[in-house]
Asker: 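Below you'll find the structure I mean.
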Amino acid sequence: MLRIIAAVIGRDLKLAMRRQADIVSALFFFIIVVSLFPLGIGPEPELLRKLAPGVLWVAALLATMLSLPRMFADDHRDGTLEQLALAPHPLGLVVTGKVIAHWLVSGLPLALIAPVLGIQFDLSSDALVALTFAILIGTPALSGIGAIGAALTMGLRGGGVLLSLLVLPLYIPVLIFGAGAVDATVSGLGGEGHLSLLAALTFASLGFAPWASAAALKIALE
Amino acid sequence: MKDRFNLYRFASPATFYPFAGTLIPYFVAVSVVFGLAGLWLGMLVAPTDFQQGEGYRIIFIHVPASWMSMFIYLVMAGWAAIGLAFNTRLSGMMAQALAPTGALMAFLSLLTGALWGKPMWGAWWVWDARLTSELILLFLYIGYMALTAAIDDARRADKAGGLLLLVGVVNIPIIYFSVKWWNTLHQGSSVNLAKSSMATTMLWGMLLMAMCFWMYSIAIALMRVRTIMLERERHTDWVKAELLGKAGDEK
């Protein structure tokens, strides 16, 4: 069971490494969106400090969304996905591997770059730690929920826009607890509660979402 | 001797189409009766609220619309579950027929809420838990309709939409509670079965209006499912016979 997940992760990572431009462009999208906000709102540190958690989280949601369509589209185009669906392993495990690989490629870099962007917003060091942890814990849930949307919209016209329409409403709890963790840390309440809920969302979506995505893939491959 | 009544017989569009056709006038009539009674009770009989004045009367539209927007989503998810479990064609059609009505109810609920909020709270919109969840519910309806509209193959559209509905229904409580903890400003629910803080006539007016909306939703969904059936089954003989029969009547 673990071997099939590891094999899928290894394969997807290898593919991603051969096309590093995709990873880097999603990362720069995140950086650019976050940098646009001070330009639109104004440079007052007070205001920016207040807005930082929300801005960073919304940008993280959008950056994750950007790379979602590719999760299944390439494999669908060259027929790999049909072979994976025919394989004796449950398709849900294959999707679990793809979700983890997607997170390693698109979620983890966001968490690593987030503290640097947080400094731009004049966040305190406590808040930066909370922000990094929140993005680190929360983004796997984004990859998991997003996999369902990616599977449902696979091969449809206007799939990208449709995907955001389906997935963004489902991302709201992650956004709330993710940004809430940073806010609670800044206000001195402590972000542990929010982080625990975020971890709960991540585990729940990593457990259930791959199976829902597998069902959606089977519908699309019929 | 007549066959035993069989529910599965109506799972076929060819038998459900005329059945729905005979049911529609009854639901329309019941809806009109409940609507008239509810409006009479709500607008004329129910006392003026001592805090909110006459403006509160918009709840006779607002509350039933909110209830129906949530209830229709559950019904759609129920149809989706039946459709995915038993692979019936009718289930997907019913879910698709209900979606626009559900979206309309969610929109009406937001609109009447805004109209009520302006004089009562002094703001058209506040970011409180129930308003925000209702808005997200509207997004879910729109996402479902966009997904089914984007898939050309009707059977795939039904199944993919059904899966989205089931995912949505699991997520609704999570979204609701996360939004609730995020911010709560809305007054608590004033309808309580054991002890209601409302006057009895107000409660009855609201229940009658809810029945009216419910019956209206059924009638309109049946009408819509009939057109969906005609469109999808246009290659079959019974649709041709149905349409030719109608054309014959007009001559």
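Chain letters run A, B, ... following the sequence lines, proteins first, then strands; residues in each count from 1. Keep in mind the model is a prediction, meaning the values are calculated, not measured.
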Asker: Counting heavy-atom pairs under 4.5 Å to chain B, which of A:Leu168, A:Val167, A:Leu197, A:Leu162 comes out on top?
Answerer: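 Sorted descending by pairs with chain B, the first entry is A:Leu162.
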Asker: How far does CG of A:Leu166 sit from CD1 of B:Ile142, to the nearest 0.5 angstrom?
Answerer: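 If I round to the nearest 0.5 Å, the distance is 11.5 Å.
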Asker: Could you tell me the separation between the CD1 atom of B:Ile151 and the OG1 atom of A:Thr153, rounded to the nearest 0.5 Å?
Answerer: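 Between B:Ile151 CD1 and A:Thr153 OG1, I get 9.0 Å after rounding to 0.5 Å.
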Asker: Taking atom CZ as the centre, does A:Phe29 end up with more than 12 heavy-atom neighbours from other residues, nucleotides or ligands that are less than 6.0 angstrom away?
Answerer: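 Counting neighbours around CZ of A:Phe29, more than 12 heavy atoms of other residues, nucleotides or ligands fall under 6.0 Å, so yes.
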Asker: Distance from B:Asp152 atom CG to A:Leu156 atom CG, nearest 0.5 Å?
Answerer: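 Reported value, rounded in 0.5 Å steps: 8.5 Å.
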Asker: Take A:Ile148 and B:Leu164, measure what side chain to side chain contact (heavy atoms under 4.5 Å, CB included) needs, and give me the verdict at the end.
Answerer: CA-CA 8 Å; A:Ile148 302 175; B:Leu164 181 69; 5.7 Å; no
Asker: Please indicate whether A:Phe133 has more than 12 foreign heavy atoms, meaning atoms of other residues, nucleotides or ligands, lying under 6.0 Å from its CZ.
Answerer: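 It does not: A:Phe133 CZ has 12 such atoms or fewer within range.
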Asker: Report the distance from atom OG1 of B:Thr132 to atom CD1 of A:Ile172, rounding to the nearest 0.5 Å.
Answerer: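 The OG1 atom of B:Thr132 sits 8.5 Å away from the CD1 atom of A:Ile172.
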Asker: Write down the atom of A:Leu152, the atom of B:Arg156, and the distance for their closest heavy-atom approach.
Answerer: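 A:Leu152 and B:Arg156 have their closest heavy atoms at O-NH2, 3.6 Å.
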Asker: So, do B:Leu147 and A:Leu165 sit near enough that their side-chain heavy atoms are less than 4.5 Å apart?
Answerer: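 A side-chain contact under 4.5 Å is absent here.
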Asker: Which bit of A:Ala220 comes within less than 4.5 Å of chain B, counting heavy atoms only: side chain, backbone, both or neither?
Answerer: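 Both parts, backbone and side chain.
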Asker: Specify the closest pair of heavy atoms between B:Leu140 and A:Pro169, including all atoms of both residues, with the distance to one decimal.
Answerer: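 Heavy-atom minimum between the residues: CD2-CB, 4.0 Å.
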Asker: Would you say CD of A:Glu192 has more than 12 non-hydrogen atoms from neighbouring residues, nucleotides or ligands within 6.0 angstrom?
Answerer: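 Atom CD in A:Glu192 is not packed in, count stays at 12 or less.
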Asker: Is B:Ala157 in contact with chain A via its backbone, its side chain, both, or neither, using a 4.5 Å heavy-atom distance?
Answerer: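 Neither the backbone nor the side chain of B:Ala157 comes within 4.5 Å of chain A.
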Asker: For side chain to side chain contact (heavy atoms under 4.5 Å, CB included), just list the numbers for B:Ile174 and A:Leu201, CA-CA rounded to whole Å, side-chain angles, deciding distance to a tenth of an Å, and then say yes or no.
Answerer: CA-CA 9 Å; B:Ile174 301 177; A:Leu201 285 177; 3.8 Å; yes
Asker: Chain B heavy atoms under 4.5 Å from A:Ile219: which part of the residue, side chain, backbone, both or neither?
Answerer: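 Both parts, backbone and side chain.
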Asker: Answer with side chain, backbone, both or neither: which region of B:Leu163 has an atom nearer than 4.5 Å to a non-hydrogen atom of chain A?
Answerer: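 The side chain, not the backbone.
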